[in-house]
Visitor: 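Quick one: the structure is below, questions incoming.
Reckoned from all heavy atoms, side chains included, excluding hydrogens, waters and symmetry mates.
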Amino acid sequence: MTIPMEETPARRRGQSAIALAAGLLVGVILSLGTDQIFHVLKIYPPWGQTMSDGLFILATAYRVVYTILGSYIAARLAPDRPMWHAMVLGVVGLVVSIAGAVATWNMQPPVGPHWYALLIAAISIPCAWIGGMIRERQLAQ
């Protein structure tokens, strides 16, 4: 019995890797790009200076949107199991966020408030779930 080319396990793994990489890149590029634009526009202070809590809330708001979008893209491009792909991205985000929080926790001068590092880690899974759920609802229609 011959398996059609589009159904081979290696091809599906490749599609999964591309879906996850695309979702991750979208979130990272949009987040860092928005950060840079806000620094250039002087909404944010120069790099290296600590921002106010209000600006960290702004950064959290667009990171929520970008994390949902990245997870949706991973789910949209996934060859199967869209929610699984979105949640893998959420776990990756959680692990990277925790690592970032640990690495910067006692930096002087502070990179930002501790609540921000914890909040970024905390949003990873719920935002990934929302992105995956959006895709699953599209597929159910």
Side-chain angles (χ1 to χ4, degrees), residues 1-107 109-141:
M1 179 172 165
T2 304
I3 299 173
M5 184 61 155
E6 65 272 11
E7 296 297 322
T8 63
R11 184 174 174 98
R12 291 177 98 65
R13 280 192 302 273
Q15 290 172 333
S16 288
I18 289 169
L20 292 169
L24 182 65
L25 283 173
V26 164
V28 169
I29 290 169
L30 288 175
S31 292
L32 296 179
T34 302
D35 290 347
Q36 183 61 36
I37 290 167
F38 283 4
H39 281 288
V40 168
L41 295 176
K42 300 190 185 320
I43 294 169
Y44 287 173
W47 287 103
Q49 292 183 14
T50 302
M51 301 189 309
S52 69
D53 281 356
L55 293 177
F56 279 106
I57 291 169
L58 173 62
T60 302
Y62 61 78
R63 278 175 169 71
V64 164
V65 173
Y66 298 158
T67 302
I68 292 169
L69 178 61
S71 297
Y72 168 79
I73 288 171
R76 175 70 179 86
L77 296 176
D80 57 14
R81 302 179 300 158
M83 182 60 82
W84 182 87
H85 286 79
M87 294 308 291
V88 166
L89 209 57
V91 170
V92 168
L94 176 63
V95 170
V96 170
S97 298
I98 290 171
V102 168
T104 61
W105 196 261
N106 290 319
M107 286 184 92
V111 174
H114 290 149
W115 65 261
Y116 176 73
L118 297 174
L119 185 57
I120 292 302
I123 68 170
S124 297
I125 299 294
C127 289
W129 181 84
I130 292 168
M133 186 56 61
I134 292 169
R135 180 60 184 152
E136 292 217 331
R137 287 190 179 167
Q138 287 177 334
L139 292 171
Q141 294 179 355

Visitor: Quick one: ring pair (Phe, Tyr, Trp, His ring centres under 6.0 Å) partners of Y66, sequence neighbours excluded?
Guide: Y62

Visitor: Does any pair with a residue in residues 118-135 pass side-chain hydrogen bond (donor to acceptor under 3.5 Å, both in side chains), and if so which ones, sequence neighbours excluded?
Guide: R135-Q138

Visitor: Look up atom OG1 in T34 and atom CD1 in I43, then write down how far apart they are to the nearest 0.5 Å.
Guide: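 Here the rounded value is 10.0 Å.
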
Visitor: Using 0.5 Å steps for rounding, measure from the CD atom of Q36 to the CH2 atom of W47.
Guide: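 The distance works out to 6.0 Å.
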
Visitor: Taking all non-hydrogen atoms of both residues into account, name the closest pair between G132 and M83 and its distance.
Guide: C-CE, 3.5 Å

Visitor: Roughly how far, to the nearest 0.5 Å, is CG of L25 from CG of L20?
Guide: 11.0 Å

Visitor: Can you name the nearest heavy-atom pair linking L89 to G70, along with the distance?
Guide: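 Result for this residue pair: CD2-O, 3.5 Å.
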
Visitor: Distance-only check: which donor-acceptor pairs under 3.5 Å involve side-chain atoms of residues 96-105, not counting sequence neighbours?
Guide:
unit_1: S97; atom_1: OG; unit_2: G93; atom_2: O; d: 2.7
unit_1: T104; atom_1: OG1; unit_2: G100; atom_2: O; d: 2.8

Visitor: For residues 50-59, tabulate all N or O donor-acceptor pairs below 3.5 Å that involve a side-chain atom, not counting sequence neighbours.
Guide:
unit_1: T50; atom_1: OG1; unit_2: P110; atom_2: O; d: 3.0
unit_1: S52; atom_1: OG; unit_2: L55; atom_2: N; d: 3.4

Visitor: Does anything in residues 91-103 pair up under salt bridge (Lys or Arg N to Asp or Glu O under 4.0 Å), and if so which pairs, sequence neighbours excluded?
Guide: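 Every candidate salt bridge (Lys or Arg N to Asp or Glu O under 4.0 Å) pair involving residues 91-103 fails, so no pair, neighbours aside, qualifies.
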
Visitor: Kindly give the heavy-atom pair with the smallest separation between L139 and P82, and that separation in Å.
Guide: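 The pair with the smallest heavy-atom distance is CD1-CG, 3.7 Å.
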
Visitor: Minimum heavy-atom separation for I73 to V26, with atom names?
Guide: CD1-CG2, 3.6 Å

Visitor: How long is the straight-line distance from CE of M87 back to CE of M133, given to the nearest 0.5 Å?
Guide: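 One gets 9.5 Å once the value is rounded to the nearest 0.5 Å.
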
Visitor: Sequence neighbours left out, what pairs pass side-chain hydrogen bond (donor to acceptor under 3.5 Å, both in side chains) with at least one residue falling in residues 24-33?
Guide: none

Visitor: Side chains of S71 and C127, heavy atoms from C-beta outward: is any pair under 4.5 Å?
Guide: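 S71 vs C127: side chains apart.
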
Visitor: Within this structure, what is the CD1-CD1 distance for the pair I134 and I68, rounded to the nearest 0.5 Å?
Guide: 6.0 Å

Visitor: Taking H85 for its side chain and D80 for its backbone only, find out whether a donor-acceptor pair lies under 3.5 Å.
Guide: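 Pair found, side chain donor or acceptor close to backbone of D80.
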
Visitor: Could you state the interatomic distance from OG1 (T60) to CD1 (I123), rounded to the nearest 0.5 Å?
Guide: 6.5 Å

Visitor: What do the steps show when you test Q15 against L77 for side-chain contact (heavy atoms from CB on, under 4.5 Å), and what is the final call?
Guide: CA-CA 8 Å; Q15 290 172 333; L77 296 176; over 6 Å; no

